[in-house]
Amino acid sequence: MTEAKKLYVKTFGCQMNVYDSERMAETLGAQGYEQVDTAEAADMILFNTCHIREKAAEKMYSDLGRLKPLHDAKPDLKIAVAGCVAQAEGEEILRRQPMVDLVVGPQTYHRLPTMMQAVDRGERVLDTDFPEEDKFVHLPQDRRPMRGPTAFLTVQEGCDKFCSFCVVPYTRGAEVSRPAERLLREARDLVTRGVREITLLGQNVNAYHGAGLDRGEWGLARLVREMARIDGLDRIRYTTSHPNDMEDDLIAAHGDCEKLMPYLHLPVQSGSDTILKAMNRKHTAESYIRLIERIRAARPDLVLSGDFIVGFPGETEADFQATLDLVAEVGYGAAYSFKYSARPGTPAAERAIVDADVADERLQRLQSLITAQQRATQEGMIGRVVNVLFEKPGRKEGQLSGKSEYLHAVHCDGPEALLGQIAPVEIIATQSNSLTGRLTAQP
Ligand code: 5AD
Ligand code: SF4
């Protein structure tokens with residue numbers, strides 16, 4: 001028997017890329033590749049890339065450049081670039097980086113086995129089609145969970161919203177939802193392999209409208225409810241959502257579906273209606289705030305998170321103040337804020353940018369407000385008993401680490417037998433990005 005070839009995968013960007021990386025590793029696994037943890041040990045290196053902001057794409061190029069000594073020492077080393085930079089810059093990557101053998105977009109990686117045959121013949125391959133066929137149908141059917149008791153499951157891809165700053169509609173293409181039957185099968189399969197929590201993924205996940213089991217079309221709420229019927233699956237999350245697709249039945253599910261966890265990532269991007277309009281968001285600050293009130297009425301203990309862009313073209317101090325006001329009014333348990341980055345090919349890239357120093361300063365102000373809210377949410381957990389799904393041993397001897405229903409990282413002392421299990425934990429302290437607790441009942 002020949003020794004297995006070694007594959008090293010590095011994932012940049014969002015959770016959808018994490019999912020895609022797992023699926024690519026599975027596909028290459030069927031071709032005799034075994035995953036390793038370091039680039040040094042690999043016969044093939046796969047970068048799954050992110051194009052959402054300029055920094056993300058630059059990071060990929062600099063990490064790629066750093067592979068040169070490794071490639072010089074091992075000329076047979078194969079280097080592949082996948083994901084959104086591959087989709088957006090295809091040919092350019094092959095031109096800029098002669099070491100690269102293969103460039104594959106997010107919609108064609110099911111063709112990796114054939115592509116690898118060409119690479120093994122010494123060809124350089126580029127495949128960034130948006131094919132008619134569904135890649136998921138062609139991928140290995142058995143999922144191999146690689147991250148313990150939690151897993152991602154892509155239910156929807158692409159976006160038709162065309163926010164004026166965003167590359168996603170161009171790199172991931174139009175919105176496509178996978179049929180419910182396949183998703184339920186994949187979920188059941190994950191559960192038989194020890195998964196207890198599934199996060200349903202999509203660039204615009206709450207726009208899900210896949211074929212249902214009853215021939216009709218299902219929305220996300222129906223899919224969540226059906227997933228909730230799977231024995232052994234204890235927790236369901238979904239991300240990322242658009243405010244305009246938060247339909248009534250999904251809001252209701254937050255109140256009456258016990259397995260749907262009380263954490264919601266619902267980006268608003270800005271608190272200024274002028275900027276929201278320029279972003280083509282098609283909602284206002286007020287409509288967002290009213291929406292949050294409705295969701296909180298259904299699930300009062302919900303922890304909210306969001307995304308914000310500062311320094312969008314045309315943003316004035318008053319516009320920025322409106323963002324701070326919105327954050328103050330909503331109260332986030334966590335939130336991500338980014339400095340606007342012009343993406344080639346998007347409508348906003350044509351517009352005059354805000355002075356970089358001004359944007360930096362606004363980003364800092366917003367981040368300190370968000371950090372204060374995050375800290376307050378975490379401190380509010382002290383004394384409360386949360387349910388923790390233990391995912392891995394903690395950093396200290398005898399410690400376990402997992403996530404509460406509110407998606408807080410929680411550490412506590414406990415027996416290894418609890419790995420993969422859910423147990424009640426009383427929170428006793430908070431660090432900047434995690435909570436410490438103690439088990440309330442020994443199993
Ligand atoms: N510049 C800065 N941030 C961006 N995002 C998307 N596109 C850009 C851009 N061009 C942010 C948005 C989005 C998150 C995933 O990344 O806040 O919700
Ligand atoms: Fe991008 Fe999200 Fe807007 Fe779609 S909804 S264009 S993915 S920011």
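Order of listing sets the numbers, starting from 1, for every ligand and every atom in it.
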*Asks:* Does K339 come within less than 4.0 angstrom of ligand 1, counting non-hydrogen atoms of the residue?
*Replies:*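 Under 4.0 Å: yes for K339.
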*Asks:* Does the ring of F12 carry K10 above it, NZ/CZ under 6.0 angstrom from centre and within 45° of its axis?
*Replies:*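 Output yes; distance and angle both within limits.
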*Asks:* Do any nitrogen or oxygen atoms of S341 lie less than 3.5 angstrom from nitrogen or oxygen atoms of ligand 1?
*Replies:*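 Checking ligand 1 against S341, an N or O pair does fall under 3.5 Å apart.
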*Asks:* Return yes when atom CG of D355 has more than 12 non-hydrogen atoms of other residues, nucleotides or ligands closer than 6.0 Å, and no otherwise.
*Replies:* yes
*Asks:* Assess R365 against F320: is NZ or CZ under 6.0 Å from the centre of the six-membered ring, and within 45 degrees of the ring's axis?
*Replies:*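 So R365 doesn't make the cation-pi contact.
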*Asks:* Quick check: does F165 get an N/O under 3.5 Å from an N/O on ligand 1?
*Replies:* yes
*Asks:* Using a strict cut-off of 4.0 Å, indicate which atoms of ligand 1 neighbour a heavy atom of R343.
*Replies:* 10 (N)
*Asks:* Does CD in E329 sit with more than 12 non-hydrogen atoms of other residues, nucleotides or ligands closer than 6.0 Å?
*Replies:*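 No - once you tally the heavy atoms of other residues, nucleotides and ligands closer than 6.0 Å, there are 12 at most.
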*Asks:* With R182 as the cation and F136 as the aromatic partner, state whether NZ or CZ is under 6.0 Å from the six-membered ring centre and within 45° of the axis.
*Replies:* no
*Asks:* Minimum distance, heavy atoms only, to atom 16 (O) of ligand 1: which one of R53, Q203, H51 is it?
*Replies:* R53
*Asks:* Taking non-hydrogen atoms only, is Q269 closer than 4.0 angstrom to ligand 1 via side chain, backbone, both or neither?
*Replies:*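 Side chain only.
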*Asks:* I want to confirm something. Looking only at heavy atoms, which of I309, D307, T240 is nearest to atom 18 (O) of ligand 1?
*Replies:* D307
*Asks:* What part of F338 sits under 4.0 Å from ligand 1 if we count only heavy atoms: the side chain, the backbone, both or neither?
*Replies:*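 Looking at F338 and ligand 1, just side chain atoms fall under 4.0 Å.
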*Asks:* Mind running side-chain contact (heavy atoms from CB on, under 4.5 Å) on V155 and R178 for me, showing each step along the way?
*Replies:* CA-CA 5 Å; V155 305; R178 299 177 63 193; 5.6 Å; no
